[in-house]
Amino acid sequence: MRKLVFVLLAACASQKPAATAQPAAAPPASGALRAPAAFAQIGDRAERSRALFLEASRVFLHPRCANCHPDGDTPRSGADMHVHDPPVVRGPLDTGIPGMRCTGCHQDKNLELARIPGAPHWQLAPRKMAWVGKSPHAICEQMKDKSRNGNRSLQDVVDHNRLDDLVSWGWQPGHGREPAPGTQEQLGDLMQAWVDTGAECPPEGARP
């Protein structure tokens, strides 16, 4: 009997413990961005790349950024992304039309008393760079396509997000406006990590 018990115990001890699922990255605090290190536990390189872009897309889909990336002739405004008032149109160069240039009201910095936002090179993103109403998957594919990203390499895309003055305005919007999540530096770090892991795009339907 003792021999039988010993055999059973040995058999149980030899069994390998069941594999545990990799923990998901902890959800970010409101208004924050997770750093690339938060995704290090995702062992599959392609999956980690997709997760990194999803996190970065929280910035791209935020009104501070998306309002200037409409798929139409008129920018959006405010947290509710309403149509710009007074009415304006993008014009052939995305800077307005004669007599109604963007820079006629928007200077190279925020106008505190007038409550008018401003930053260097204030203008709409070209229509081929529209983000409003698009999924993270669509935005990702668009950013990788030189015909739709301003003829930028992937490293150029990273540098644009990390260093551009107009992009920087998203975190310094003034007048009580909610800034984009995290910081511009954190966005740059996420985008660099995304490129370094293969610049994979999340599947259609995936949301941050």
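Both backbone and side-chain heavy atoms feed into the values below; hydrogens, waters and symmetry mates do not. Heads up: numbering here begins at 1 and tracks the sequence.
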Side-chain heavy atoms under 4.5 angstrom apart, residues restricted to Ile, Leu, Val, Met, Phe, Trp, Tyr: same cluster for Trp131 and Leu124? no

Using modelled atom types and a 3.5 Å cut-off, is there a donor and acceptor pairing between side-chain atoms of Asp44 and backbone atoms of Ala46? yes

Where Pro208 and Leu54 come nearest, the two heavy atoms and their spacing: CB-O, 3.2 Å

Taken to the nearest 0.5 Å, the spacing of Leu52 CG from Glu200 CD works out to 11.5 Å

Is the shortest heavy-atom distance from the side chain of Thr74 to the side chain of Arg90 under 4.5 Å? no

Is a side-chain donor or acceptor of Asp108 paired with a backbone partner of Ala119 at a separation under 3.5 angstrom? no

Atom pair CD (Gln186) and CZ (Arg162), whose distance is rounded to the nearest 0.5 Å: 11.0 Å

Nearest atoms (heavy-atom pairs only) where Ala130 meets Pro70: CB-O, 3.5 Å

Non-hydrogen atoms of Gln123 and Leu93 that approach each other most closely: NE2-O, 4.0 Å

Going through the checks in order, is the side chain to side chain contact (heavy atoms under 4.5 Å, CB included) test met by His160 and Met191? CA-CA 10 Å; His160 174 72; Met191 294 299 287; over 6 Å; no

Identify whether Leu190 and Leu154 are in the same connected component of the hydrophobic contact network (ILVMFWY, side-chain heavy atoms under 4.5 Å). yes

Heavy-atom check, side chain of Trp122 versus side chain of Pro117, under 4.5 Å: yes

Short side-chain to backbone donor-acceptor contact, Arg152 and Asn149, under 3.5 Å: yes

Can you tell me how far the SG atom of Cys65 sits from the CG atom of Leu187, to the nearest 0.5 Å? 7.5 Å

Are Val83 and Met81 linked, directly or through intermediate hydrophobic residues, by side-chain heavy-atom contacts shorter than 4.5 Å (ILVMFWY only)? no

Take a 6.0 Å sphere around NE2 of His121 and say whether it holds more than 12 heavy atoms from other residues, nucleotides or ligands. no

Say whether, by atom type as modelled, one donor and one acceptor occur between the side chain of Arg115 and the main chain of His175 under 3.5 angstrom. yes

With a 4.5 Å heavy-atom cut-off, do Cys102 and Val88 have their side chains touching? no

With no hydrogens and no angle check, do the side chains of Ser153 and Asp156 hold a donor and an acceptor under 3.5 Å apart? yes

Close side-chain approach of Pro179 to Gln172, heavy-atom, < 4.5 Å: no

If you look at every heavy atom in Trp171 and Pro181, which pair is closest and at what distance? NE1-O, 2.9 Å

Check: Arg58 side chain, Ala32 main-chain N or O, donor-acceptor pair, under 3.5 Å: yes

Taking the six-membered ring for Trp, are His84 and His106 parallel (under 30°), tilted (30 to 60°) or perpendicular (over 60°)? perpendicular

What's the separation between atom OG in Ser168 and atom CD in Glu185, rounded to the nearest 0.5 Å? 11.5 Å

Please confirm whether the backbone N or O of Trp194 pairs with a side-chain atom of Ser49, one donor and one acceptor, at under 3.5 Å? yes

Check whether any side-chain N or O of His137 sits under 3.5 Å from a backbone N or O of Pro202 as a donor-acceptor pair, and report yes or no. yes

Just wondering, more than 12 heavy atoms not from Glu141 lying within 6.0 Å of its CD? yes

Joint cluster assignment, Leu33 & Val157, ILVMFWY side-chain distance < 4.5 Å: yes

With Phe60, which of Met143, His69, Lys134 fulfils side-chain contact (heavy atoms from CB on, under 4.5 Å)? Met143

Gln142 (side chain) donor-acceptor with Met129 (main chain) under 3.5 angstrom: yes

Nearest heavy-atom contact between Asp164 and Leu166 is OD2-N, 2.9 Å

Val132 and Val167: same hydrophobic cluster, using ILVMFWY side-chain contacts below 4.5 Å? no

Would you say Ser77 and Asp85 make side-chain contact, with heavy atoms under 4.5 Å? no

Taking all atoms of both residues into account, what is the closest heavy-atom pair of Arg64 and Trp169, and its distance? O-CZ3, 3.7 Å

Under a 3.5 Å distance rule, please check whether Arg48 uses its side chain to pair with a backbone N or O of Ile42 as donor and acceptor. yes

Under 3.5 Å, is there a donor-acceptor pair between the side chain of Asn67 and the main chain of Pro63? yes

